[in-house]
Structures are given as C-alpha cells and as structure tokens.
Amino acid sequence: MLKRFKANKNQPETEEIYTNTTPLRLLSDPALTMETDIITTDDDEEATNRILAANLNDKPKLNELNSRHNCEVVLMSDTERNLSENNIGIKVKPTSHQNRDTWDKKMDFLLSVIGFAVDLGNVWRFPYICFKNGGGAFLIPYIIMYIFGGLPLFFLELALGQYQRCGCLTVWRRICPMFRGIGYGICVIATYTAWYYNTIMAWSLYYLVESIQEKLPWTSCGNPWNTNSCITLEDKINFSRSYRPIYKTIIINNTVLNITVNETLFSSTEEYFYRRVLHITDGIDFNNVGQIEVNVVLALIVIFTIVYFSLWKGVKSSGKAVWITATTPYVVLLILLVRGALLPGSGIGIKYYLKPNMTKLWEKTVWIDAAAQIFFSLGPGFGVLLALSSYSKFRNNCYQDALITSAINCITSFIAGFVVFSVLGHMCWRLNKRMDDVADQQAGLVFIAYPEAIASLTGSVVWSILFFIMLISLGLDSTFGGLEALITGILDEWPRLRKRRELFVLLLIIYCFIGSLATTTQGGFLILNWLDKNGAPISILFIVFCECVALCWFYGIKRFSDDVESMLGFQPPTFWKMCWTYISPAFLLIIFLTNVISYETAPITVMRKDYEFPPWSKALACLVVLSSIINIPIFMIITFLNTKGNFKERMRQMITPEPRPLMLDRHYDEGNAYEITMADAV
C-alpha cells in the first residue's frame, strides 16, 4: 500500500516511495517523471491515484515511454479500473522481448546451474590435481581461491543475468557499450567448446554400448585391434612388471632365427581406447588425421539428438531434462563411493589422495593450479550463468543460490576424489605398484585407468554401465548450459528469431555437429586435445577480467549494488564489493598472465609415442586464442565510429550504460496485460 509519494518539476527523480513490503524502483529515468507537483498524504490515496492518472493521461508522454522502453502503454477502461485495486489507470502490453520465459520451478534453475558447474572436470581433473599438488594440503589454496575468486564471480554473473534479463550479447551492450565485444568473444569460445566437448560424450556412449555384453571387451587381448605387445590385467597381476620377452622370427640368408627383444607392453584397456575406439594407427598425426570413424559419428549423432530435444523449447524443456541428467551422477557417485570404500587396498588410494604435503604450499604452481581449477570448475565467463539466471524471477534470491550451488560443486569434486582414488588404490594393491604408476589425468583416467580398475571388480559389467552413464550425464548438463548461453545471447540480440526457436536451435546443432566431425577422425584425439588447450583456457580468463572492468569500473560498483538491492532488498556486503572491484580482477589477471608466459606446446603422448605440434598448428593456436579476444577491441572501434560527436562526447557515450528496458517482471502474471502501480510508473 502506498504510504507516501512526492515529486515535483525541479526534481528529475522520485524522492521517496514506500510500500508495505520493500522499496520498489523500476528505472531512474527522466522520461517517467511527472511535470506537475504532486503532494499526497496517507489519508487520501484515492485522490492521489486520480491525480497521478491524470498526469499520465498525457499522450506525448505515453508515446515517449512506448518508444523508449519498447512497450505499449494503454489507458484502462472504466470497468478495468473499477475491478483493479490501487492502480493508476494504465496497463502495459509487453512486447515479445519482455514476455520472457521463466523457470517453472525454482529447482529447475538450481539443477541447471549445478548440472553446468559439475562436469567431467570434477571427475577427471580435480582428483588428479589434488593428488599432484600436495593432497590434503591442496585444499587450503583451493578454499582460499574459492572464497576470494570463484564465489564472487559466480554470484556476480547470477545477479547480473537476473537483473538485466538478457544473454551475453545484449547485456554488455547495456552495461558499457564500449565492451559489447565481450559477448561476441563468449560466443566464439562457446562454439569451440561445442566442437570437441560432445565428442567426449560420444566416446562415453560408445563405451556404454560396448559394456552391455557378458564380458567387457577391453579385458582381453587377441582381438583384431590388439598388438603383440598387449597385456591383460590378469597378466599384470601375475607378472607384476612392465616388460616381458617378445619372440620374433626373422630370416637371414634362408636361415630362420628366433630372437628375443624387449618391447614396451600396452594394457588391453589402453589398446582398446586408442586402437579400437579412436583407431589411431601408424601414420596418423597432425598432418594426416585419417578417415572419419563411423561408430564415433553415430554416437555423436545420438548425443546431439538428445541435446536438441532438451533445448528446442527453451527452459521449459531443458528444465525438465536436468531432473534426470543432474541427479543421475550423484546416485552413481554414491554407489561407486560405497563400492570403492569396501575394496581391499582402497585406503592406499585415499591416503595418497588426502595425505597433506605442506611443503607444496610454498610452490607458486600449486596456487595457480588451485585458482585455475576453481575458476574453470564454477565456470564464470562462459555466458551460461548469465543465460540461466536471466530466466529467474526478479525477486529470486540469487545470493543464496550462488552459495548453495557453488558449494555443491566443490563438495562434488572432493567426493569424486574418493570415488576415483579408492578404486585406484585397489589397483595398486593388486598390482603391487605405486600410485604414481597408476594415476592419470583427464582422458587417460576416465577411459583407461578407471575402466581397467572396474574390470577387476565382481560384476564389472554393471559397474561399467553405471560409470559411463554418470559421465554422459555430467557432460550433457554442461552442454545444455553452454549451448543455451549461445542460444539465449543470439535470440535476445535478434528477438525475431524467437518465433522460429526450434528451427534456429536445429541449425545451431547441425553447425556444431559439422564442426565436431574433425574430432571423430582417427587423429581426432589430437585435434580434441589441441582445441581443449587453445579454445577456451587462456582467452576466457581475459574476457572475464574485462567483464569485471566493464561492470565494476565503468558501469559502477555502486550502481550494480543498487541493482542487487532492488532484487534482494539489501546491499551486497563490503566484502563482495571489494572482491568484485579489486581482488577478483587481480586474481584473473595473474592467472591469465601466468598462462600466457608459461604457455608451451607439450607433445601429446599416445601409447608411449609423442606427437609433436607442427609449426602451422602453433600459429593456428595463436589465431584461435585471439579470435575471441580480438572481438573486444574490434567492437570498441566500431562503436566509436558509429557514435556521433567529438572525441570526448563519443567516449562519454561509449561508457554510458543504456537504460534497462521496461521489464514487467515485478508484478508478473500469465495475462497479456499488466497493471502498473504508482511505484512502477515512477
């Protein structure tokens, strides 16, 4: 209920508005101020409504509001006015841009955010990084980086997306026109990621299908894809060594000689992945990637089909899909955790995983790894958090959401370490080896080491099926988020495409599928690793740094804090403002510079063979990294040239935020028209 309203022609903005809940502020916009003095008291609300309605009956003012905020404001009929309570006699018909979808349930949004943040990296990267960097001691820099770097950026993007209600292309044009290139850089990175990330899920699907038989195919040698150097897990256990004599027959001067040579042995699991799934053979390298593998392509088609039907209807469809894809990994993790803990020797792996090595804390690489791990795990800067939160209701408590979802992500990483290292500890116990000889990272962990460990368990087929279902679920959630960021960004910038969303999403999926075909070749593993190294890790750091600069330094931390207050009802504490303005940008800049300075093209090792990067691939890697970053200066120049005035006037316009369009998200209902209360009209 309105308690006090005061405005006059000498004050361009409303001075005070109170309601029985929290203060409401739609826009501080001179176009919406009253031209006459209005003094009201608590005793005459009805008269106040009549006076204010008369002022807004000015058609030129309504036309200006329509054009400025892309909406249609119309006067209420007498009947509507009589049926309505405490209104000013006008209603707004939203445009398609304003009539934005929202999540059906709060849990749809939370599961989508959790599903995006909890991805394959939680399973295949964090446990190895923790083990390599001092075990339990690594948790100290990890938590510090989470508090001062990861969490503030996570909260920042959720709040920004929820307030601005738009994707990555539009939001930065509004915040600071000079930095509109940030959104285009994000789209480029999302494209590179889509080109290789889905192929990993295709491999997982391939393993899943192959697991549905009486005996896992990677447990034996003697298959068409195996070499003479193949050794099974049982052989490893019996011999407990890395070499064995290999007999070869040669003919010299018509004399048959049997000679013994020492050859490096390859596990049957290793040969299955590289020679059966990927078909990497002699002659395959960066200059000759071979032919496309049909089985991998078919698996990729299935993955993209699932992705399409999960995204084609927007948050209405993806919000339902995540109930399966986001919860399944936790069910499987819990099952594998219990099974792993009961294995003999599991304590060996857990000890290696957690045993603190405090001397590691003095190494700068440990802190850099902690910062990089928390950043890429939470995923700010990819446009996903912006897109997902833009479909939340205006009053949603995004602060609480940020704390809950980011904490779940970190806890999941920690638990995944127990799942992985308990089983690897069992392997060490059986093979009588050190953890250094068994543990591996990334693809080597999830497609070689862990499947080999699973094969040693009773009921290995069941455990294999569960494990690869978990991997596919983890990957799908992240793909949903990554592509939704791209879709939302484009549709918000060009709203006419929304009418053909299903067709647009189909064309985008086809585009991503075609781009992924290179990673399905015999040399696709090399291309995938090259894209993974150059597509996002370096450029995304610089882009998020620019986000902090644009939002906190140009848009202004005070203005952004006011935006947060209008949603949550309270100002962000000083800690968050300090992190957003100073600590997080420094955190990002240090990691970015470290990655640039220490960048090296280490060869990719496949079955003890090193594949060196040719010179052309190094040059192309630089172009790939720059292809996203270069959008920022390019659009700075374009914006400058398109802006009118002298140099000073152009610069002022380039750093002046655009007004947030009239979003009828504070009194949202399912009708076609919305009443404006007195507070909203101001």
Side-chain angles (χ1 to χ4, degrees), residues 101 103-126 190 193-194 196-209 211 299-337 376-379 382-385 387-389 391-392 401 404-406 408-413 415-416 419 446 464-488 505 508-509 512-513 516:
D101 287 340
W103 300 99
D104 286 340
K105 298 179 181 178
K106 173 69 173 285
M107 189 56 68
D108 294 354
F109 167 67
L110 292 178
L111 289 176
S112 296
V113 175
I114 292 170
F116 162 70
V118 179
D119 64 353
L120 294 172
N122 294 73
V123 175
W124 78 7
R125 179 169 171 81
F126 176 83
T193 305
Y196 74 86
Y197 195 83
N198 295 283
T199 302
I200 299 174
M201 285 185 288
W203 297 342
S204 300
L205 180 60
Y206 188 97
Y207 268 83
L208 174 62
V209 173
S211 297
L300 189 63
I301 291 174
V302 174
I303 294 296
F304 272 118
T305 301
I306 296 173
V307 172
Y308 172 72
F309 285 108
S310 298
L311 295 177
W312 69 325
K313 294 294 184 181
V315 295
K316 301 298 182 183
S317 56
S318 63
K320 301 299 179 289
V322 294
W323 280 86
I324 298 174
T325 57
T327 57
T328 300
Y330 288 96
V331 175
V332 178
L333 272 177
L334 180 61
I335 295 173
L336 293 177
L337 177 63
F376 289 111
S377 179
L378 293 177
F382 288 90
V384 178
L385 301 177
L388 297 180
S389 62
Y391 298 106
S392 295
D401 295 344
I404 293 173
T405 53
S406 62
I408 289 175
N409 171 72
C410 296
I411 293 171
T412 303
S413 297
I415 293 175
V419 173
V446 297
S464 178
I465 291 173
L466 287 175
F467 178 70
F468 287 107
I469 287 177
M470 180 186 70
L471 289 186
I472 294 170
S473 300
L474 288 171
L476 283 174
D477 287 328
S478 297
T479 290
F480 293 164
L483 290 179
E484 185 59 55
L486 200 56
I487 294 167
T488 300
V505 174
L508 179 64
I509 292 294
C512 293
F513 171 75
S516 302

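From a predicted model like this one, the values you see are computed outputs, not experimental measurements.
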Return the minimal non-hydrogen interatomic distance between [X] and [Y], and the atom names on each side.
{"X": "S464", "Y": "S211", "value": "OG-OG, 2.7 Å"}
{"X": "A485", "Y": "A387", "value": "CA-CB, 3.8 Å"}
{"X": "G481", "Y": "F116", "value": "CA-CD1, 4.5 Å"}
{"X": "A202", "Y": "A299", "value": "O-CB, 3.5 Å"}
{"X": "I487", "Y": "V505", "value": "CD1-CG2, 3.8 Å"}
{"X": "N122", "Y": "A117", "value": "OD1-O, 3.4 Å"}

- Could you please spell out the steps behind the side chain to side chain contact (heavy atoms under 4.5 Å, CB included) verdict for L483 and I509? CA-CA 9 Å; L483 290 179; I509 292 294; 3.7 Å; yes
- Message: Counting neighbours of NZ on K105 that are heavy atoms of other residues, nucleotides or ligands and sit closer than 6.0 Å, is the number greater than 12?
- Response: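 Not buried by this count: 12 neighbours or fewer within 6.0 Å.
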- Message: Surrounding CD1 of I301 (heavy atoms of other residues, nucleotides or ligands, distance under 6.0 Å), is the total greater than 12?
- Response: yes
Return all side-chain donor-acceptor pairs below 3.5 angstrom for residues 465-472, not counting sequence neighbours, or 'none' if the list is empty.
none

So, taking the atom named [atom1] in [X] and the one named [atom2] in [Y], what distance separates them when rounded to the nearest 0.5 Å?
{"X": "I404", "Y": "N409", "atom1": "CD1", "atom2": "CG", "result": "14.0 Å"}
{"X": "I114", "Y": "I408", "atom1": "CD1", "atom2": "CD1", "result": "3.5 Å"}
{"X": "T325", "Y": "D477", "atom1": "OG1", "atom2": "CG", "result": "3.5 Å"}
{"X": "L311", "Y": "L508", "atom1": "CG", "atom2": "CG", "result": "9.0 Å"}
{"X": "D401", "Y": "S406", "atom1": "CG", "atom2": "OG", "result": "10.0 Å"}
{"X": "S516", "Y": "M201", "atom1": "OG", "atom2": "CE", "result": "9.0 Å"}

- Message: Below 30° counts as parallel, above 60° as perpendicular, anything between as tilted: where do the rings of W312 and F309 land?
- Response: perpendicular
- Report the relative orientation of the aromatic rings in F109 and W103; use parallel for angles under 30°, tilted for 30 to 60°, perpendicular for over 60°. tilted
- Item | Chi angles and distances behind the side chain to side chain contact (heavy atoms under 4.5 Å, CB included) call for T412, Y330 | CA-CA 8 Å; T412 303; Y330 288 96; 2.8 Å; yes
- Task: Would you please test L205 and V302 for side chain to side chain contact (heavy atoms under 4.5 Å, CB included) and show each step?
- Result: CA-CA 9 Å; L205 180 60; V302 174; 3.7 Å; yes
- Item | Those residues that, when tested against S318, pass side chain to side chain donor-acceptor pair (under 3.5 Å) (two or more places apart) |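 With sequence neighbours excluded, S318 shows a side chain to side chain donor-acceptor pair (under 3.5 Å) to no residue whatsoever.
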- Does a side-chain heavy-atom distance below 4.5 Å link D108 with K320? yes
- Query: For F304 and C512, what are the C-alpha separation, side-chain angles and deciding distance, and is it a side chain to side chain contact (heavy atoms under 4.5 Å, CB included)?
  - Reply: CA-CA 9 Å; F304 272 118; C512 293; 3.9 Å; yes
